[in-house]
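Chain letters run A, B, ... following the sequence lines, proteins first, then strands; residues in each count from 1. Everything numeric here is computed off the predicted structure, so don't read it as measured data. The figures that follow rest on heavy atoms only: side chains count, while hydrogens, waters and symmetry mates do not.
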Amino acid sequence: MKIREIVDAINAKVLVAGDDGLDMEVHSACASDMMSDVLAFVKEQAVLVTGLVNPQVVRTAEMMDMKCIIFARGKTPDKATIELAKSKGIVVMVTPLRMYTVCGELYAKGLHGGEDNVG
Amino acid sequence: MSDKGGLHFEFDVDGGNFVSAGTASERVKNTLKQLGIAPFTVRRTAIAMYEGEINMVIHAGGGKAIVDITPEDIKIWLIDSGPGIEDIELAMQEGYSTAPEAIRMLGFGAGMGLSNMKKYSDIMEIDSRPGEGTKVFLQINLQKVQNG
């Protein structure tokens with residue numbers, strides 16, 4: 001799905017539009033508040049859903065070559081986090097929805113976990 | 001070979017600055033990308049080093065990261081003068097962590113750091129003495145990629 005469609009699906013507000021803009025296609029996502037858990041599974045995931053707000057979320061996304069970060073539960077990242085995402089060209093959005101709901105909405109629209117080809 | 005085609009980096013990892021943690025790994029990642037290294041290799045190198053950097057910031061008050069890149073492999077040394085690891089075998093177990101709650105609030109300390117580093121490197125060696133510090137060596141082979 002396009003990042004633009006994610007914005008609509010979860011009633012999100014875009015804080016950083018990223019390098020490739022909102023028309024970029026993304027095919028899989030993962031969700032966690034623990035960054036090491038995100039780092040534990042290298043797959044082609046483009047979207048990170050989290051309730052954690054600090055600059056290391058952006059660094060984790062950068063290490064994983066992710067394109068988009070969704071901050072759930074209405075948590076707003078601080079300036080340092082936003083600036084870092086801007087410099088990395090990563091899309092950042094916030095949604096008032098809880099993480100479970102965000103995942104459910106996006107999964108239903110075809111954004112899966114990307115584990116189909118694992119084991 | 002390392003004299004001709006090698007790159008050498010040294011980074012000071014600032015233990016007092018959680019915000020800047022990961023900058024050394026990012027620079028190495030960008031360098032590897034520019035060298036045209038396979039994306040998956042770039043990613044696993046970056047992640048292994050990033051976990052090591054985070055560990056030094058969380059547990060050891062910072063340290064030093066040394067990186068050698070040659071056509072054969074990437075070698076990374078992460079050296080700190082922190083408290084050391086009491087039981088390395090236990091620390092290697094997924095989910096085992098001595099990180100305080102404050103660190104978990106930051107999204108780390110899930111007990112995945114060392115196991116992720118092992119998972120993404122071809123060779124990992126830990127030399128640690130309680131009270132003196134920890135030295136972690138990581139090697140990521142480059143020629144293996146060409147053989148599939």
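For the atom pair B:Asn55 CG and A:Ser36 OG, the distance stands at 7.5 Å (nearest 0.5 Å). The CZ atom of A:Phe41 lies 8.0 Å from the CG atom of B:Asn116; values are rounded to the nearest 0.5 Å.
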Self-check item: Residues B:Met49, A:Met63; criterion side-chain contact (heavy atoms from CB on, under 4.5 Å); working and verdict
Solution: CA-CA 10 Å; B:Met49 184 174 166; A:Met63 298 300 166; over 6 Å; no
Quiz item: Between B:Arg43 and A:Glu44, does a salt bridge (charged side-chain N to carboxylate O under 4.0 Å, His left out) hold up when you go through it step by step?
Solution: CA-CA 11 Å; B:Arg43 203 181 298 170; A:Glu44 290 299 330; 3.1 Å; yes
Quiz prompt | Criterion side-chain contact (heavy atoms from CB on, under 4.5 Å) on B:Phe108 and A:Thr60, from CA distance to verdict | solution = CA-CA 11 Å; B:Phe108 290 91; A:Thr60 297; 4.1 Å; yes
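At most 12 non-hydrogen atoms from other residues, nucleotides or ligands lie less than 6.0 angstrom from NZ of B:Lys135. Atom CD of B:Glu86 sits in a sparse spot, with 12 or fewer heavy atoms from other residues, nucleotides or ligands closer than 6.0 Å. Atom CZ of B:Arg27 has 12 or fewer neighbouring heavy atoms from other residues, nucleotides or ligands inside a 6.0 Å radius. Around atom CZ of B:Phe9, more than 12 heavy atoms belonging to other residues, nucleotides or ligands sit under 6.0 Å away. Residue-environment remark: CD (B:Glu89) stays at or below the threshold of 12 foreign heavy atoms within 6.0 Å. The neighbour count for B:Lys118 NZ, taken as heavy atoms of other residues, nucleotides or ligands under 6.0 Å away, does not exceed 12.
Both the backbone and the side chain of B:Ser25 come within contact range of chain A, with heavy atoms under 4.5 Å apart. Both the backbone and the side chain of B:Phe18 come within contact range of chain A, each with at least one heavy atom under 4.5 Å from a heavy atom of that chain. Using a 4.5 Å cut-off between heavy atoms, A:Leu39 touches chain B through backbone and side chain atoms alike. When heavy atoms are compared at a cutoff of 4.5 Å, A:Asp33 approaches chain B solely by way of its backbone atoms N, CA, C and O. Of the two parts of B:Thr45, neither the backbone nor the side chain holds a non-hydrogen atom closer than 4.5 Å to a non-hydrogen atom of chain A.
Top candidate by heavy-atom pairs under 4.5 Å with chain A, chosen from B:Gly109, B:Gly111, B:Ala110, is B:Ala110. Taking chain A as the reference chain and counting heavy-atom pairs below 4.5 Å, the highest number among B:Glu51, B:Met105, B:Glu26 is found for B:Glu26. In terms of heavy-atom pairs under 4.5 angstrom with chain A, the leader among B:Gly113, B:Ala21, B:Ser20 is B:Ala21. Among A:Met34, A:Met64, A:Arg59, the residue with the largest count of heavy-atom pairs under 4.5 Å with chain B is A:Arg59.
Two different hydrophobic clusters hold B:Val19 and B:Ile54 under the rule that ILVMFWY side chains link at heavy-atom gaps under 4.5 Å. One hydrophobic cluster, built from ILVMFWY side chains closer than 4.5 Å, holds both B:Leu138 and B:Met56. Clustering ILVMFWY residues whenever any of their side-chain heavy atoms sit less than 4.5 angstrom apart, transitively, puts A:Val102 in a cluster other than the one holding A:Met66. Put simply, A:Leu97 and A:Tyr107 are part of two different groups of oily side chains (I, L, V, M, F, W, Y) that touch within less than 4.5 Å, one to the next.
A side-chain N or O of B:Tyr50 and one of A:Gln56 form a donor-acceptor pair less than 3.5 Å apart.
Residues A:Met35 and B:Leu106 fail the side-chain proximity criterion, which asks for heavy atoms closer than 4.5 Å.
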